[in-house]
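Working notes for the structure below.
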Amino acid sequence: MALKRQNTMMAAFSMASMTDVIFLLLIFFMVTSTFVFPTALEVNLPESSKQTALKPSTRVYIDKEGVIYATADQSEPVAMDEKSLLDFLRGQAAAAADGDNYIAVYADEEVTYGALVRVLDLGAQNNLKMVLATKPAPASARPAAQEQ
């Protein structure tokens with residue numbers, strides 16, 4: 001006795017669910033790609049032949065107009081004057097338990113030397129380790145390696 005199948009297989013494949021999945025993936029990647037640089041400030045960094053691998057937890061920005069911004073971790077930079085920057089840096093120093101807390105200073109190329117020194121001096125007064133952020137120099141501008 002032969003048993004018959006009650007259900008027949010459809011020969012066509014429905015693409016409706018596939019397009020839904022593709023659109024969901026497209027929306028997901030579009031939304032997450034906007035989070036890549038949420039705190040972008042227009043700062044042209046000076047060039048340097050040496051780079052460091054330090055990952056600072058606190059960042060201080062000085063734009064070409066001399067406005068100072070500061071941020072901790074990956075939060076949005078906040079504009080502040082030198083007194084509130086001093087309070088902010090003291091708070092960061094108190095919150096840092098380990099001695100490897102570095103503060104990166106991102107100063108535009110057009111910032112005056114005096115403004116940069118004032119910010120670096122605020123860190124030195126509070127025994128904070130401050131690092132000046134630069135962009136890598138082109139290979140043609142780097143000094144040649146010494147051969148021995």
Side-chain angles (χ1 to χ4, degrees), residues 9-148:
M9 291 276 220
M10 288 181 24
F13 179 72
S14 174
M15 292 294 289
S17 60
M18 182 68 78
T19 56
D20 291 344
V21 170
I22 297 299
F23 280 122
L24 284 174
L25 285 174
L26 177 67
I27 291 171
F28 171 76
F29 285 117
M30 286 175 50
V31 169
T32 57
S33 68
T34 60
F35 296 132
V36 173
F37 295 109
T39 58
L41 289 175
E42 187 69 32
V43 176
N44 286 329
L45 297 176
E47 294 180 349
S48 173
S49 60
K50 296 284 184 182
Q51 298 295 312
T52 182
L54 297 175
K55 298 294 181 198
S57 61
T58 306
R59 291 174 172 79
V60 176
Y61 300 92
I62 308 173
D63 65 5
K64 62 183 174 182
E65 285 84 24
V67 180
I68 300 171
Y69 300 88
T71 181
D73 299 323
Q74 296 296 330
S75 59
E76 186 74 25
V78 178
M80 53 183 65
D81 60 352
E82 288 185 20
K83 182 182 180 333
S84 50
L85 177 64
L86 180 62
D87 295 336
F88 176 78
L89 292 177
R90 285 181 179 159
Q92 292 300 313
D98 58 349
D100 291 337
N101 186 24
Y102 294 95
I103 298 172
V105 179
Y106 295 83
D108 195 278
E109 287 179 320
E110 298 177 17
V111 171
T112 62
Y113 188 69
L116 180 59
V117 169
R118 280 194 304 272
V119 171
L120 292 174
D121 189 46
L122 288 176
Q125 290 173 2
N126 294 292
N127 297 327
L128 299 172
K129 298 175 186 173
M130 299 188 89
V131 178
L132 183 61
T134 60
K135 63 183 175 185
S140 61
R142 292 185 186 153
Q146 296 176 351
E147 295 179 19
Q148 293 181 358

Side-chain (Ser84) to main-chain (Met80) donor-acceptor, under 3.5 angstrom: no
Euclidean distance, Leu89 CG relative to Gln125 CD, rounded to 0.5 Å: 10.0 Å
Nearest atoms (heavy-atom pairs only) where Pro77 meets Thr71: CA-CB, 3.9 Å
Decide yes or no on side chain to side chain contact (heavy atoms under 4.5 Å, CB included) for Met130 and Val119, but give the supporting numbers first. CA-CA 10 Å; Met130 299 188 89; Val119 171; 4.3 Å; yes
Set of side chain to side chain contact (heavy atoms under 4.5 Å, CB included) partners for Leu116, sequence neighbours left out: Ile62, Val105, Ala107, Leu120, Leu132
As a quick check of understanding, evaluate side chain to side chain contact (heavy atoms under 4.5 Å, CB included) for Val60 and Ile103, giving each step before the final call. CA-CA 7 Å; Val60 176; Ile103 298 172; 3.9 Å; yes
Under the side chain to side chain contact (heavy atoms under 4.5 Å, CB included) test, which residues partner Asp20, sequence neighbours left out? none
Leu85 vs Leu122, side chain to side chain contact (heavy atoms under 4.5 Å, CB included): CA-CA, chis, key distance, verdict: CA-CA 8 Å; Leu85 177 64; Leu122 288 176; 3.8 Å; yes
Between Asp63 and Tyr69, does a side chain to side chain contact (heavy atoms under 4.5 Å, CB included) hold up when you go through it step by step? CA-CA 8 Å; Asp63 65 5; Tyr69 300 88; 3.7 Å; yes
Does any pair with a residue in residues 111-122 pass salt bridge (Lys or Arg N to Asp or Glu O under 4.0 Å), and if so which ones, sequence neighbours excluded? Glu82-Arg118
Could you state the interatomic distance from CD (Glu110) to OG1 (Thr112), rounded to the nearest 0.5 Å? 11.5 Å
On a heavy-atom basis, which atom in Ala72 and which in Phe88 lie closest, and how many Å separate them? N-CZ, 3.9 Å
